[in-house]
Amino acid sequence: VQLQASGGGLVQAGGSLRLSCAAPGRTFSSYALGWFRQAPGKEREFVAAISWRGGRTYYADSVKGRFTISRDDAKNTVYLQMNSLKPEDTAVYYCAADKKVSGNRYEYDYWGQGTLVTVSS
């Protein structure tokens, strides 16, 4: 499964962005999907995940209440709506897919190329 992430950019603190991750030509309705991020000099960390039917969502404590993960299987796309952004949210954001939902990056087999989010103070 090839994933293509998009939607990153430069935003001021307090602003919003919506990231998208698509799998053109593939049906990923049977996959769980996750978002991870990696800031310079830091480990890649879990942000959010959604189960294969969308019935369950999971969030890192640092983004809970600000970020929302959702999926549109008809469009083979997963979204990450990010509100109330903070400078510490600055990172490259990656989407990932696997048969099982997880917050552990080592359990995901398929990854997108990443999209950069920069939040200025």
Side-chain angles (χ1 to χ4, degrees):
V1 177
Q2 287 191 330
L3 304 173
Q4 297 178 0
S6 62
L10 174 64
V11 64
Q12 288 188 330
S16 298
L17 279 176
R18 188 177 79 157
L19 305 183
S20 300
C21 178
R26 293 297 299 265
T27 299
F28 62 32
S29 59
S30 61
Y31 289 86
L33 301 161
W35 285 98
F36 293 78
R37 67 186 181 187
Q38 188 166 16
K42 294 189 176 182
E43 295 277 318
R44 190 171 299 188
E45 64 176 5
F46 170 71
V47 175
I50 188 165
S51 60
W52 67 281
R53 282 189 174 179
R56 293 175 291 154
T57 56
Y58 304 88
Y59 297 94
D61 288 343
S62 59
V63 306
K64 206 170 291 184
R66 300 188 298 123
F67 290 11
T68 302
I69 188 171
S70 61
R71 61 190 297 161
D72 185 339
D73 289 337
K75 296 181 179 179
N76 287 341
T77 302
V78 61
Y79 304 99
L80 185 68
Q81 177 67 44
M82 306 185 296
N83 298 328
S84 302
L85 282 161
K86 304 175 181 180
E88 51 263 43
D89 295 318
T90 295
V92 177
Y93 283 71
Y94 298 89
C95 57
D98 200 75
K99 287 294 188 178
K100 186 178 72 172
V101 68
S102 172
N104 184 341
R105 69 180 192 265
Y106 297 109
E107 296 187 1
Y108 284 83
D109 287 337
Y110 306 102
W111 290 86
Q113 84 284 9
T115 184
L116 176 62
V117 172
T118 303
V119 184
S120 63
S121 57

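Basis for what follows: all heavy atoms, side chains included, without hydrogens, waters or symmetry-related copies.
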* Asked: Ring centroid separation for Phe36 and Tyr94, is it under 6.0 angstrom?
  -> no
On a heavy-atom basis, which atom in [X] and which in [Y] lie closest, and how many Å separate them?
X	Y	value
Leu116	Ala91	CD1-O, 3.6 Å
Ala49	Val101	CB-CG2, 3.7 Å
Ala48	Leu80	CB-CD1, 4.1 Å
Ser121	Ala13	CA-CB, 4.3 Å

Sequence neighbours excluded, every pair satisfying disulfide bond (SG atoms under 2.5 Å apart) that has a member inside [range]:
range	result
residues 34-71	none
residues 28-64	none
residues 55-121	Cys21-Cys95

* **Interatomic distance, Leu17 atom CG to Leu10 atom CG [nearest 0.5 angstrom]** => 9.0 Å
* Between CG on residue Leu33 and CG on residue Asp98, distance to nearest 0.5 Å -> 9.5 Å
* Which is it for Arg105 and Glu45 under the salt bridge (charged side-chain N to carboxylate O under 4.0 Å, His left out) test, yes or no, and what are the steps along the way? -> CA-CA 8 Å; Arg105 69 180 192 265; Glu45 64 176 5; over 6 Å; no
* To do: Evaluate the side chain to side chain contact (heavy atoms under 4.5 Å, CB included) criterion for residues Phe46 and Arg37: first the C-alpha distance (whole Å), next the side-chain angles of each, then the deciding distance (0.1 Å), finally the verdict.
  => CA-CA 7 Å; Phe46 170 71; Arg37 67 186 181 187; over 6 Å; no
Can you give each donor-acceptor pair under 3.5 Å made by side-chain atoms of residues 64-71, sequence neighbours left out, with the distance rounded to 0.1 Å?
from, atom 1, to, atom 2, distance (Å)
Lys64, NZ, Asp61, OD1, 3.1
Arg66, NH1, Ser84, O, 2.9
Arg66, NH1, Asp89, OD2, 2.8
Arg66, NH2, Ser62, O, 2.9
Arg66, NH2, Asp89, OD1, 3.0
Arg66, NH2, Asp89, OD2, 3.4
Arg71, NE, Asp73, OD1, 2.9
Arg71, NH1, Tyr31, O, 2.8
Arg71, NH1, Ser51, O, 2.7
Arg71, NH1, Trp52, O, 3.4
Arg71, NH2, Phe28, O, 2.9
Arg71, NH2, Tyr31, O, 3.0
Arg71, NH2, Asp73, OD1, 3.1

Review item, side-chain donor-acceptor pairs of residues 107-115, under 3.5 Å, at least two apart:
from, atom 1, to, atom 2, distance (Å)
Glu107, OE1, Ser102, OG, 3.0
Tyr108, OH, Ser102, N, 3.2
Tyr108, OH, Ser102, O, 2.5
Trp111, NE1, Tyr108, O, 3.2
Gln113, OE1, Ala5, N, 3.1
Gln113, NE2, Ala5, O, 2.9
Thr115, OG1, Gly8, N, 3.0

* To do: Check the surroundings of atom CD in Gln2: do more than 12 heavy atoms from other residues, nucleotides or ligands lie under 6.0 Å from it?
  => no
* To do: Count the heavy atoms belonging to other residues, nucleotides or ligands that lie under 6.0 Å from NZ of Lys100, then report whether that count exceeds 12.
  => no
* Under the criterion side chain to side chain contact (heavy atoms under 4.5 Å, CB included), which of Leu19, Ile50, Val63 is the partner of Trp35? -> Leu19
* In terms of side-chain heavy atoms, does Tyr79 have a donor or acceptor partner in Arg18 at a distance below 3.5 Å? -> no
* Just by distance, with hydrogens left out, do Thr77 and Asp72 show a side-chain donor and acceptor under 3.5 Å apart? -> no
* **Test side chain to side chain contact (heavy atoms under 4.5 Å, CB included) applied to Ser16 and Gln81, step by step** => CA-CA 7 Å; Ser16 298; Gln81 177 67 44; 4.0 Å; yes
* To do: Could you check if a side-chain atom of Val117 sits within less than 4.5 angstrom of a side-chain atom of Thr90, using non-hydrogen atoms only?
  => no
* Partners of Tyr58 by ring-ring contact (aromatic ring centres under 6.0 Å, His included), sequence neighbours excluded? -> none
